[in-house]
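Position 1 is the first residue of the sequence, and the numbers go up from there. In this text the structure is predicted, and so the values were computed from the model without any measurement. Every heavy atom of this structure was used, including side-chain atoms; hydrogens, water molecules and symmetry mates were not.
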Amino acid sequence: MRGPEFLPPGDYSTPAIYEGEVVQVGSGWDGVDAPNAYLWVRLPDRTERRLAVSACVRKPLPPTVRTVIAPP
């Protein structure tokens, strides 16, 4: 996933752009806080950041990471 860092309401600084693996959906209940939805992403250095869901772009996994499960 690639996108801008989630900034709390009222913070008007320029968010940093990060790319990493989604580890948890952090917020975004419909009708409650959906406009402020974010998810946790683990970066290559193993730290985690919150990204704003509304501006994220899904990045495909490289072929070496994909897992194919063969039928029994």
Side-chain angles (χ1 to χ4, degrees):
M1 193 65 70
R2 177 178 166 77
E5 181 177 21
F6 172 81
L7 298 175
D11 185 342
Y12 300 106
S13 58
T14 302
I17 304 296
Y18 293 105
E19 184 172 326
E21 175 185 347
V22 175
V23 292
Q24 180 179 342
V25 175
S27 180
W29 290 91
D30 188 28
V32 178
D33 62 353
N36 299 318
Y38 64 88
L39 42 87
W40 287 97
V41 173
R42 184 169 294 128
L43 306 179
D45 68 0
R46 308 312 289 166
T47 60
E48 295 181 0
R49 296 289 188 275
R50 292 187 300 175
L51 301 187
V53 170
S54 62
C56 283
V57 176
R58 184 174 174 217
K59 302 288 285 185
L61 291 173
T64 57
V65 176
R66 293 187 182 142
T67 302
V68 176
I69 300 174

Look up atom [atom1] in [X] and atom [atom2] in [Y], then write down how far apart they are to the nearest 0.5 Å.
X	Y	atom1	atom2	result
Trp40	Glu21	CH2	CD	15.0 Å
Asp11	Glu5	CG	CD	8.5 Å
Tyr18	Arg2	OH	CZ	12.0 Å
Phe6	Cys56	CZ	SG	11.5 Å

Closest contact, heavy atoms only, Leu51 versus Gly3: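 Here Leu51 and Gly3 meet closest at CD2-O, 3.6 Å.
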What heavy-atom pair brings Leu39 and Val22 nearest, and what distance separates the two atoms?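 Scanning both residues, the minimum pair turns out to be CD1-CG2, 4.0 Å.
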Could you go through the side chain to side chain contact (heavy atoms under 4.5 Å, CB included) check for Val57 and Met1 one step at a time? CA-CA 6 Å; Val57 176; Met1 193 65 70; 5.9 Å; no
Pair Arg42 + Glu48, salt bridge at N-O below 4.0 Å: yes
